[in-house]
Amino acid sequence: MALRASKTENSMAIPGPVPIDDPRSSGFGKLFDAGSGAGMRPILEAMRQGERFLICSHSRPDGDAVGSMLAVGMLLRQMGKTVDLVAADRVPAVYRGLPGAGEIRTVMRVRGLYDAAILLECDGLERTRLRGLERMFVINIDHHASGKNFGQLNWIDPDACSVGELVYRLAQEAGATVTPEIATCLYTTLLTDTGGFCYGGIQARTFALAGELTAAGADPVRIARDVYFANPMSKMMLMGAALSTLHRDGPLAWVWVTHEDMMRVGAAEEDCEGIVNYALSVAGVEAAAFLRELPEGRIRVSLRSKTLGRGTEDGPSAVNVAAIAEKLGGGGHENAAGCTLDGPMARAREEILGVLRGEMRRARV
């Protein structure tokens, strides 16, 4: 299907979304019981029975979102299906070299005769920032602890280290061939969502999966180089601006940038990815925050915490930043989460630091 932009907004240019109970739809609403806890097999059956699928993920897509979308698209095409991949924001530069990345279209509204929309690592339709999904049959696949059963079919597994791991299981169950292209995309999800194999949730099977993907054709050295050693100059300059604000209070560290900083160095939103990790990398720091002022004045917050070693009494992480983010309207993983707060910067900074300090006192960090 060809995509074209209208004069007023980008959109998928096929007439109107089909309601799940519309006689023109696939009838999935009758074939599958809507609700929670569907798991992998009903989703695979839906993929087998359907013919046309829309694939999307959250706005501001990261490595797990991009790699998983591409891998699902390739899996469905192996099954003989028609697939469209869309996102509300452009693919970040470091992921544009992934196989098929050019097929992900940047749109704001979707219209089409689809049997289902497959949403990857989202906690709701609004997380995509795409309009037109509301009346579609939604398949929701997620691995976040804050995941929600908002789709007609849902598969949420917080034990998976990335959504890409779930996609790999789907491919295995489907009897699909994991090509070098699929392996490359899925290895990228694994590498990026574990923070280079540093975050919590890593198990022996994580490395076993990395080995299987490498055997299938993924090149770990090249992928790591493309992700971690191909930064634009604007990101490095933004990092300098952020680190110039570095503050520490015992086991807590934080940095921030203003919208003026972003404009001054010509930074894109994707250039903010990973900056919080530099505050977390300070010796003795157990939790960190990175605050970024948005153009409208709100403050986007990225939170990270260190993972405790195995055998510790306090569990896998001393500070559960996902729980903090959820209280403030966000979400994520135990060691990596985020939320958006009201500005100005000083107010948001005091709010998030107050919550973090309270949680750290509770956890006796």
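Within a 6.0 Å sphere centred on CZ of Arg248, other residues, nucleotides and ligands contribute more than 12 heavy atoms. No more than 12 heavy atoms of other residues, nucleotides or ligands shown are found within 6.0 angstrom of CD on Glu260.
To the nearest 0.5 Å, the span separating CG on Leu356 from CD on Glu286 amounts to 12.5 Å. If you take OG on Ser57 and CG on Leu70, they are separated by 10.5 Å, rounding to the nearest 0.5 Å. With values rounded to the nearest 0.5 angstrom, Met136 atom CE is found 9.0 Å from Leu113 atom CG.
Lys81 contributes a side-chain N or O that, together with a main-chain N or O of Arg48, makes up a donor-acceptor pair within less than 3.5 Å. Ser68 places a side-chain N or O within 3.5 Å of a backbone atom of Gly164 that can act as its donor or acceptor partner. A distance-only check finds no donor-acceptor pair linking the side chain of Asn335 to the backbone of Arg304 [under 3.5 Å]. Remark: the backbone N or O of Leu280 is paired with a side-chain donor or acceptor of Lys306 at under 3.5 angstrom. Under a 3.5 Å cut-off, the side chain of Glu134 and the backbone N or O of Gly132 do form a donor-acceptor pair.
Within the structure, side-chain hydrogen bond (donor to acceptor under 3.5 Å, both in side chains) contacts touching residues 205-223 (residues at least two apart or in different chains) are Glu165-Arg205, Tyr168-Glu212, Gln203-Arg205. The side-chain hydrogen bond (donor to acceptor under 3.5 Å, both in side chains) contacts involving residues 249-258 comprise Asp249-Arg357, Thr258-Asp261, where partners must be two or more places apart or lie in separate chains.
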Discussion item. Checking Glu121 against Asp64 for the side-chain contact (heavy atoms from CB on, under 4.5 Å) test, could you report, in this order, the C-alpha distance in whole Å, the side-chain angles of both residues, the deciding distance, and whether it holds?
Written reply: CA-CA 8 Å; Glu121 64 162 12; Asp64 195 16; 3.1 Å; yes
Practice prompt. In sequence, state the C-alpha distance, the side-chain angles, and the governing distance for Ile299 and Met345, and then conclude on side-chain contact (heavy atoms from CB on, under 4.5 Å).
Written response: CA-CA 7 Å; Ile299 309 298; Met345 177 66 75; 4.0 Å; yes
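For the pair Arg41 and Glu45, the salt-bridge criterion is not met [side-chain N within less than 4.0 Å of a carboxylate O]. In this structure, Glu293 does not pair ionically with Arg298, as no charged nitrogen and carboxylate oxygen lie closer than 4.0 Å. Using a cut-off of 4.0 Å between Lys/Arg side-chain N and Asp/Glu carboxylate O, Arg131 and Glu126 are scored as not salt-bridged. Electrostatic pairing of Lys148 and Asp142 does not count as a salt bridge here, judged by no charged N lying under 4.0 Å from a carboxylate O.
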Return all side-chain donor-acceptor pairs below 3.5 angstrom for residues 224-232, not counting sequence neighbours, or 'none' if the list is empty.
| from | atom 1 | to | atom 2 | distance (Å) |
| --- | --- | --- | --- | --- |
| Tyr228 | OH | Leu191 | O | 3.4 |
| Tyr228 | OH | Gly196 | N | 3.3 |

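No option in His144, Met69, His143 other than His143 meets the side-chain contact (heavy atoms from CB on, under 4.5 Å) test with Val163. Glu270 pairs with exactly one of Arg90, Arg60, Arg292 by the salt bridge (Lys or Arg N to Asp or Glu O under 4.0 Å) rule, that one being Arg90.
Hydrophobic clustering (ILVMFWY, side-chain heavy atoms < 4.5 Å, transitive): Ile43 and Met74 are in one cluster. By the criterion of side-chain heavy atoms lying less than 4.5 angstrom apart, applied directly or through intervening Ile, Leu, Val, Met, Phe, Trp or Tyr residues, Leu252 is not grouped with Tyr278; the two fall into different hydrophobic clusters. The hydrophobic clustering, which links ILVMFWY residues whose side-chain heavy atoms are closer than 4.5 Å, places Val276 and Val319 apart. Hydrophobic clustering places Val178 together with Ile55 (ILVMFWY residues linked when any side-chain heavy atoms are closer than 4.5 Å, directly or through intermediates). Linking ILVMFWY residues whenever their side-chain heavy atoms come closer than 4.5 Å, directly or via other members, places Met47 and Leu120 in the same cluster.
Between Asp193 and Thr189, the side chains place no donor N or O within less than 3.5 Å of an acceptor N or O (distance only, hydrogens not considered).
In this structure, Tyr114 has its ring center no closer than 6.0 Å to that of Phe137.
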